[in-house]
Amino acid sequence: MKAEIIAVGSELLTARFQDTNSVFLMRRLEDLGLPVLRRTVVGDRLEDLVPTIDSARRRADLVLLSGGLGPTGDDVTREAMARALGRELVLEEAILRGLEERFARRGRIMSAPNRRQAFVVSGAAVLANRMGTAPGLWIEDNGIRFVLLPGPPHELEAVFEDHVWPRLAALRRGYGARRMLRTTGLTESDVEARIADLYPRTDDLRLTILASPGQIDLHVASFSERTEEEAAAQADRLASELAGCLEPAIYARTNDPLENIVAELLLAAGRSVATAESCTGGLLAHRLTNVSGSSAYFREGFVTYDNAAKIRELGVPAALIVAEGAVSAAVAEAMAHGVRSRAGSDFGLGLTGIAGPTGGTPDKPVGLVHIALAGPGPIISTGQIFFGRRADVKFQASQKALDLLRQALSSSA
Ligand code: ATP
Ligand code: MG
């Protein structure tokens with residue numbers, strides 16, 4: 001079985017939109033052990049789309065198309081499919097009635113362009129769309145299967161799960177399983193060095209590493225021709241070997257961002273936190289409050305950018321700033337103590353640094369950030385140089401601060 005994906009949409013050829021539908025489809029096909037051999041992105045023009053379909057049908061036996069099934073003039077996928085296969089577009093009364101009812105339920109009259117969605121390539125099976133108006137289509141032609149799916153991701157996913165997955169499952173070559181490990185605090189080369197011996201040597205087990213500033217994710221994908229359990233066991237084995245080499249840098253085995261994990265730990269421990277930030281400009285407080293229910297543990301946050309604000313709001317001694325400089329371990333620690341006592345919280349995080357790209361000096365370079373965590377135990381303090389653009393430095397500093405809190409909460413648990 002050779003599968004191809006064609007993502008249709010001129011917006012996907014601009015810098016603004018990403019073709020996430022193909023990523024979803026590739027993941028689901030991987031689960032079935034059906035490899036995707038080619039993926040094409042093509043604009044909404046008949047003269048581009050017809051030859052794209054035509055060439056895919058010469059190579060593949062399964063072609064999945066996303067987008068261009070809507071009511072507007074730029075939605076040409078049905079028409080292109082009909083032309084490429086030399087078939088007619090025919091009105092499907094059942095779809096038309098369904099559309100009319102859908103509009104009537106909302107007290108609206110259906111407009112003429114919506115009728116377009118009731119036309120199908122002759123011979124196609126209609127795949128109902130419970131999330132929207134444009135149904136998907138399943139077409140078989142000379143042993144090749146074509147699947148047309150609506151573009152909006154929640155619609156594509158619904159039609160796929162409801163109708164396409166069950167049909168493809170009959171063609172499955174086996175079973176897939178995936179595991180994920182999210183780490184922070186290690187560099188890509190640290191990770192590489194620790195896990196070098198664990199890289200799988202078979203096609204049925206794969207390890208992919210995705211590094212971004214402040215975070216490295218490890219993705220394990222396994223495949224079994226025989227059973228789902230075998231695939232799962234294989235993935236679990238590799239994931240736990242990797243974990244053995246990377247603990248305690250692993251903060252999640254799900255897609256959750258670090259703030260969600262910190263939130264769970266704070267809630268479980270019944271502890272609260274307050275923040276005093278300089279160079280992150282409130283990013284740390286923003287991330288802590290991105291989690292629903294954060295009022296249970298987040299007390300307050302200060303953005304004390306100016307020295308005077310650090311002195312006034314947090315009680316950082318003026319002499320300390322003069323002696324050590326605003327970007328120093330001593331000031332980060334004083335900020336952490338200050339915010340903890342002012343907020344009456346269990347933990348206080350203090351953070352001061354140089355986000356860049358200007359403002360660095362030879363002994364205090366751009367990217368240098370001091371972070372301190374005051375809590376029930378002794379103060380924890382770290383100074384680090386983060387690389388990257390201004391936003392990367394800010395993110396990494398907030399990530400490190402959250403991680404100090406995570407580690408403190410995990411070790412006291
Ligand atoms: P509609 O009825 O909404 O017009 P459609 O099937 O015609 O649906 P498109 O017009 O191609 O789909 O796309 C609708 C929207 O879906 C796009 O504006 C875009 O936001 C999203 N979309 C389309 N294709 C993709 C894709 N490959 N990946 C992610 N999002 C997509
Ligand atoms: Mg459209």
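Excluded from the calculations below are hydrogen atoms, water molecules and symmetry mates; all remaining heavy atoms, backbone and side chain alike, are included. Order of appearance sets the numbers: ligands from 1, and atoms from 1 within every ligand.
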- Task: Could you say whether the N/O atoms of Ser22 and ligand 1 ever approach to under 3.5 Å?
- Result: no
- Query: Any nitrogen or oxygen of Ala134, main chain or side chain, under 3.5 Å from a nitrogen or oxygen of ligand 1?
  - Reply: no
- Query: Hey, does Gly68 sit under 4.0 Å from ligand 1 if you only count heavy atoms?
  - Reply: yes
- Query: What are the atoms of ligand 1, with element, lying closer than 4.0 Å to any heavy atom of Asp75?
  - Reply: 4 (O), 7 (O), 10 (O)
- Interfacing atoms of ligand 1 (cut-off 4.0 Å, heavy-atom, Pro150): 6 (O)
- Query: Got an N/O contact under 3.5 Å between Asp44 and ligand 1?
  - Reply: no
- Taking non-hydrogen atoms only, is Leu12 closer than 4.0 angstrom to ligand 1 via side chain, backbone, both or neither? side chain
- For residues Thr280 and Glu277, is any side-chain donor paired with an opposing acceptor at under 3.5 Å? yes
- Item | Nitrogen or oxygen of Ala7 less than 3.5 angstrom from that of ligand 1 | no
- Looking at ligand 1, does Pro153 have a heavy atom less than 4.0 Å from it? yes
- Between Gly151 and ligand 1, is there a nitrogen or oxygen pair with a distance under 3.5 Å? yes
- Ion pair present between Asp141 and Arg57, side-chain N to carboxylate O less than 4.0 angstrom? yes
- Message: Does this structure show an ion pair linking Arg178 with Asp31, if we count only N-O contacts that are shorter than 4.0 Å?
- Response: yes
- Any luck finding a side-chain donor-acceptor pair between Asp403 and Thr184 under 3.5 Å? no
- Task: Taking only heavy atoms of Pro71 into account, list the atoms of ligand 1 that are under 4.0 Å away from them.
- Result: 2 (O)
- Task: Would you check if there is a donor-acceptor pair between the side chains of Glu313 and Thr304 at a distance under 3.5 Å?
- Result: no
- Heavy-atom donor-acceptor pair, Gln215 side chain to Thr183 backbone, under 3.5 Å: no
- Task: Number the atoms of ligand 1 from 1 as they appear, then name those within less than 4.0 Å of a heavy atom of Gly67, with their elements.
- Result: 6 (O), 11 (O), 12 (O)
- Message: Within the structure, is a non-hydrogen atom of Gln18 found at a distance of less than 4.0 Å from ligand 1?
- Response: yes
- Query: Looking at Ser66, which atoms of ligand 1 are within less than 4.0 Å of one of its heavy atoms?
  - Reply: 27 (N)
- Task: Using the ring-ring contact (aromatic ring centres under 6.0 Å, His included) rule, collect all pairs that involve residues 225-284, keeping only residues at least two apart or in two chains.
- Result: none
- Task: Report yes or no: do Thr254 and Asp256 form a side-chain donor-acceptor pair below 3.5 Å?
- Result: yes
- Task: State whether Arg58 and Asp54 are salt-bridged, where the test is any N-O pair (Lys NZ or Arg NE/NH1/NH2 against Asp/Glu carboxylate O) under 4.0 Å.
- Result: yes
- Item | Numbered atoms of ligand 1 (with element) below 4.0 Å of Asp19, judged on heavy atoms | 26 (C), 27 (N), 28 (N)
- Message: Regarding Arg287 and Gln399, do their side chains bring together a donor and an acceptor under 3.5 Å, going by distance alone?
- Response: yes
